[in-house]
Structure formats: structure tokens, C-alpha cells
Q: 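Input: one structure, supplied below.
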Number of protein chains: 2
Amino acid sequence: MPEVLIVDDEIQIRRFLRIGLETNGYKVYESPNGHDAILKVAQRKPDLVILDMELPDLDGLEVLRRLREWTRLPVIILSVRASDVDKVAALDAGADDYLTKPFSMDELLARLRVAQRHAQPLAETQIFKSGPLQVDLSRRIVTVNDQTVKLTPTEYALLRLLIQHHGKVLTHKQILREVWGPEYVNETHYLRVYFAQLRQKIEDDPALPRLIVTEAGVGYRLIDEG
Amino acid sequence: MPEVLIVDDEIQIRRFLRIGLETNGYKVYESPNGHDAILKVAQRKPDLVILDMELPDLDGLEVLRRLREWTRLPVIILSVRASDVDKVAALDAGADDYLTKPFSMDELLARLRVAQRHAQPLAETQIFKSGPLQVDLSRRIVTVNDQTVKLTPTEYALLRLLIQHHGKVLTHKQILREVWGPEYVNETHYLRVYFAQLRQKIEDDPALPRLIVTEAGVGYRLIDEG
DNA sequence: CACACATCTTGATACTTTTTTGATGTGATC
DNA sequence: GATCACATCAAAAAAGTATCAAGATGTGTG
């Protein structure tokens with residue numbers, strides 16, 4: 001859920017914005033003045049800031065400049081001032097958008113979505129490695145000794161769970177609950193079958209498992225850096 | 001020197017924009033209509049596009065949608081229509097900003113600078129290749145072994161989605177939501193039919209697919225560098 | 001308006017993969 | 001040597017997939 005900080009001194013405006021944003025799936029923080037706003041951005045680390053230009057303590061532009069000293073998070077300016085010079089000053093100071101009051105909620109929401117789009121960095125490829133095993137979680141590709149291996153949905157879910165907790169022991173119940181669902185916590189036979197299958201596919205020697213080790217009486221564990 | 005494409009049917013507006021932009025250090029291209037605009041973006045590869053909503057051939061929104069099929073370059077909309085629905089539609093279709101006429105040159109320039117800041121240095125994949133398959137996303141031309149192949153709108157939408165995420169597994173739901181819409185997420189039969197059709201058209205041997213592989217129980221994946 | 005044409009939707013059927021289930025084997029511990 | 005926890009194998013059941021083709025819908029044209 002994206003988090004927004006609303007910076008405005010008028011409580012009615014904050015209220016209006018909060019309602020509109022919350023009904024559209026945002027988590028909302030509020031600041032009534034500039035100093036508090038800068039503090040809250042640092043503390044709460046919101047995904048977006050909606051910043052009014054008229055504040056009791058600091059100028060909105062000044063708040064923006066201070067924020068831009070250390071963060072590039074999207075800032076959308078709200079203002080009653082519609083003059084070019086104000087807009088240009090704010091935009092050049094690092095604002096991502098500038099809306100003149102009165103504005104419609106729909107437009108603000110659309111412009112927030114644009115700002116979120118812009119903020120998204122390129123998705124980095126997340127790859128887990130351990131010995132001969134290599135798992136590309138974003139592409140759903142598993143390789144062993146550089147050979148791609150085909151896993152069924154359940155086998156993959158199991159392996160992904162092990163990777164998410166690599167190094168730690170996962171109890172039988174934990175695994176069954178996560179992979180099959182809470183009503184399967186006693187189907188320990190499933191574990192035997194699927195761990196055998198998984199070892200068959202990803203271990204160099206399935207009879208002497210080096211990646212997936214059994215912790216007798218407890219559960220299973222995935223070794224990293226084998 | 002940043003390069004801008006101006007898309008507007010009125011020659012006076014183009015002139016006005018050209019002068020303002022050139023005196024501020026931009027190199028300017030012009031398009032009087034939508035089809036020419038799409039072509040020029042592919043040919044000239046400008047850094048920015050200024051797009052008027054009222055065009056003689058295609059709707060501005062349609063031009064934007066077509067561009068977003070293959071490129072994320074910044075597009076700033078100009079329009080006489082100031083209604084929320086128009087703005088929201090354009091922004092959600094992928095526009096980076098929306099200016100209502102009349103606007104000031106200074107504001108436009110400032111918003112261009114914002115758009116340039118946001119521009120992500122992406123390697124634009126105008127043409128996708130994999131094995132015998134070749135797809136020109138900007139011209140919507142699909143060839144297999146240098147033979148042009150005709151795809152229906154849905155088949156093309158499907159292929160384009162696969163290309164945008166090539167290498168990754170796309171789940172059934174993802175595909176149905178993107179191509180047919182959120183209310184179709186359970187119509188898995190559509191997938192069977194359309195993937196069969198697509199394979200028939202783009203695979204060398206549709207019975208042994210090498211480009212579009214099935215991940216049973218999960219979804220489908222487009223292989224790159226087959 | 002009626003026509004041909006392309007495309008989308010739907011149903012039937014054969015086929016493949018995956019999951020579930022049961023039977024049996026192994027080794028350690030008491 | 002009986003018991004326990006785990007491993008392995010393989011068949012049955014279930015779920016998912018491929019393909020063909022007919023019906024429905026929509027499109028533009030004369």
C-alpha cells in the first residue's frame with residue numbers, strides 16, 4: 001500500500017485529501033507545517049509527498065529545497081498561486097508536479113499514479129545461488145550446473161520457501177502450511193514425497209543431499225554456499 | 001541537445017512552439033498528424049514528445065497508446081479539453097504531463113525539464129528477435145523466417161505482452177487481465193485457443209514449441225535467443 | 001440491407017502433466 | 001527385533017493442456 005504525506009496548514013484540506021486518498025488505497029500521514037513535514041519524511045519514509053505552498057513556518061519552496069538535499073521522492077505541489085513564475089520556480093526546484101487550487105480529486109489521483117510510475121526503478125534480477133544450484137526468482141528459472149531444471153508448481157513453491165528462509169530450519173508444519181495450506185499440516189507424507197522429488201532434480205547425488213538437509217524430527221533446511 | 005517532436009495539426013501552434021523551443025536549446029521535429037507522429041518517433045528517436053489531443057487522423061489518446069506499446073519516452077499532452085475525464089484518461093494511458101491550452105511557454109519549458117529529469121535511460125527495444133521470430137513493435141510487423149505473418153488484434157496483444165516480459169513466466173491471470181481485462185481472469189480456455197493459434201503462426205513446428213513454452217500449472221513464457 | 005469476410009467465443013474430445021495415495025524399503029534407537 | 005522417522009517407487013486420480021471445428025459476433029462493402 002503506497003504511503004502519502006500531506007503537508008498543509010488547513011485542517012479541512014487535510015481532511016478532504018485524507019478521505020479521498022484513503023478510499024483509493026493510500027496510507028496517509030499529515031503534517032501541518034514545514035518543519036514537521038521534513039521530520040516526518042525522514043521518519044515515515046512515505047512514497048509520495050503532497051505539499052502545499054502556503055505554510056505557517058517555512059515557505060513550501062523552502063521545504064522542497066530542503067527535501068531535495070537528500071531525497072528524490074516524488075513531491076506534488078498544491079498552490080493557490082497560478083502564476084508562471086511560481087510554477088517554474090517549484091518545478092525547477094525539483095517538484096514533480098504542480099496543481100493549482102481548486103483541483104479535482106480525480107486529477108490529483110491520476111497525477112499521483114504518474115508520480116509513482118516515475119519513481120519505480122528498474123526491476124533488478126534477484127538470483128539465489130548455492131553450490132551447483134541457481135534460482136532466478138523473478139524469471140522462475142532453476143538451473144543446476146548451468147542446466148535448466150523443470151519444476152512443478154508445488155516443487156517450485158517448496159524450493160522458493162526454502163530459499164526465503166535459507167540457512168534456517170523449517171518445521172514440517174511450517175512448510176505444509178505455507179505450501180499446501182493450513183488444513184494440510186498433518187500430511188507429513190507429502191513432504192517425504194516432494195522432498196525426494198526435489199532432491200532428485202536439484203541434488204548432484206540425491207542419495208547424499210548437500211543442498212537440502214533433513215533435520216530429523218524437526219524439519220528441513222536449505223544450505224547456502226555449499 | 002535534447003530533441004523534441006511536436007505533434008499538432010495547426011501550423012501556427014507548431015510554429016509558436018518551434019520558436020520557443022529552439023530559442024531554449026531544443027532541436028525540433030514536427031508532425032501534423034498521428035500516423036506521421038508514430039513513424040517519426042520510431043525514425044528520429046526524439047527525447048520528448050509534445051502531443052496535441054486533437055488530430056485529423058488518430059485521436060491523441062490513440063497515438064499515445066500506440067507509442068506506449070513499445071516506448072516509455074516522455075510524452076506531454078496539450079489539449080483544449082480541461083475536463084477531469086480527459087486528463088485522467090491521458091495520464092493513465094501513460095502520459096507524463098497534461099497541459100490545457102492556453103498555456104505559457106515558460107510553464108511548458110519547466111514541465112519539459114521535469115519530464116527530462118524523469119526520463120529513464122532505457123534501452124528501447126524497437127525490434128524484438130528470438131530465433132526465427134522478429135517483431136517490430138513500432139510498426140506492428142511480425143515476421144517468421146523473414147516471412148510476414150498476419151496476426152489478429154488479440155493474437156498481437158498476446159505476443160506483445162509476452163515480448164514485454166520475455167524470459168519471465170506470465171501467469172494465466174496476468175495474461176487474461178492484461179489482454180482481455182480483469183473480468184476475464186478465469187477464462188483459461190481462451191488462453192488454450194489463442195496460444196494454439198499463435199504457435200500455429202509463429203512456431204516452426206507448432207507441435208514442438210520453442211518460442212512460447214508452457215509452464216504447466218503456472219503460465220507461459222517467451223524464450224529469448226532461441 | 002444483405003453479403004462476404006475476419007475474428008471472437010464456445011463446446012467437445014483426446015492428451016499430458018501433476019498431485020495424491022498406497023505399498024514397501026532403509027537405517028537408527030531403544 | 002520392534003518401533004519410529006524418513007526415503008523411494010509407482011499406480012490411480014485429478015488437474016491442466018492441446019486441438020479441432022462449429023456457432024456467434026462484428027466489420028466494411030456494394
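Computed from a prediction, not measured in an experiment: that's the story for all the values here. By convention in this document, chain letters (A, B, ...) are assigned in the order of the sequence lines, proteins followed by strands, and residues within each chain are numbered from 1.
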Q: Atom CG of L208(A) and atom P of dG27(C): how far apart are they, to the nearest Å?
A: 12 Å
Q: Please find the earliest and latest nucleotides of DNA chain D, in the 5' to 3' direction, that have an atom within less than 4.0 Å of any heavy atom of chain B.
A: dG16(D) to dT19(D)
Q: Ignoring hydrogens and geometry, is there a side-chain-to-backbone donor-acceptor pair from K201(A) to K150(A) under 3.5 Å?
A: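 Between the backbone of K150(A) and the side chain of K201(A) there is a qualifying donor-acceptor contact (under 3.5 Å).
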Q: Is it true that, when you exclude R139(B) itself, more than 12 heavy atoms of the residues, nucleotides or ligands shown sit nearer than 6.0 Å to its CZ?
A: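 No, not enclosed.
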Q: Please state how far atom CG in L198(B) lies from atom P in dT7(C), giving the value in whole angstrom units.
A: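 Going from L198(B) (CG) to dT7(C) (P), I get 13 Å.
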Q: Take R210(A) and D204(A) through the test side chain to side chain contact (heavy atoms under 4.5 Å, CB included) and record every step on the way to the result.
A: CA-CA 8 Å; R210(A) 295 165 50 80; D204(A) 281 333; 5.9 Å; no
Q: Answer with base, sugar-phosphate or nothing: what part of the nucleic acid does Y220(A) contact at a heavy-atom distance below 4.0 Å?
A: sugar-phosphate
Q: Apply side-chain hydrogen bond (donor to acceptor under 3.5 Å, both in side chains) to H118(A) and list each qualifying residue two or more places apart in sequence or on a separate chain.
A: D96(B), H118(B)
Q: Given 3.5 Å as the limit, does a donor-acceptor pair link the side chain of R221(B) with the main chain of V213(B), or not?
A: no
Q: Does any pair with a residue in residues 40-59 of chain B pass side-chain hydrogen bond (donor to acceptor under 3.5 Å, both in side chains), and if so which ones, sequence neighbours excluded?
A: H35(B)-D57(B), D36(B)-K40(B), D52(B)-K101(B), E54(B)-R81(B)
Q: Does the pair R14(B)/D8(B) count as a salt bridge with the N-to-O cut at 4.0 Å?
A: no
Q: Mind calculating the distance between CG (L176(B)) and C1' (dT9(C)) to the nearest angstrom?
A: 14 Å
Q: Please encode protein proximity along nucleotides 10-21 of chain C as a string of B, S and -, counting only heavy-atom distances under 4.0 Å.
A: BBB----SSBBB
Q: Would you find more than 12 non-hydrogen atoms of other residues, nucleotides or ligands less than 6.0 Å from D205(B) atom CG?
A: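 Enclosed.
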Q: Scan residues 178-199 of chain A for pairs that pass side-chain hydrogen bond (donor to acceptor under 3.5 Å, both in side chains), counting only residues two or more places apart or in two chains.
A: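 Passing the test, one end in residues 178-199 of chain A: R199(A)-T214(A).
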Q: Would S138(A) and Q126(A) count as a side chain to side chain donor-acceptor pair (under 3.5 Å) if you check the C-alpha gap in whole Å, the side-chain angles of each, and the deciding distance to 0.1 Å?
A: CA-CA 6 Å; S138(A) 56; Q126(A) 205 185 346; over 6 Å; no
Q: Kindly state which residues belonging to residues 160-171 of chain B come within less than 4.0 angstrom of DNA chain C, counting heavy atoms of the residue only, listed by number.
A: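 Contacts with DNA chain C under 4.0 Å: none.
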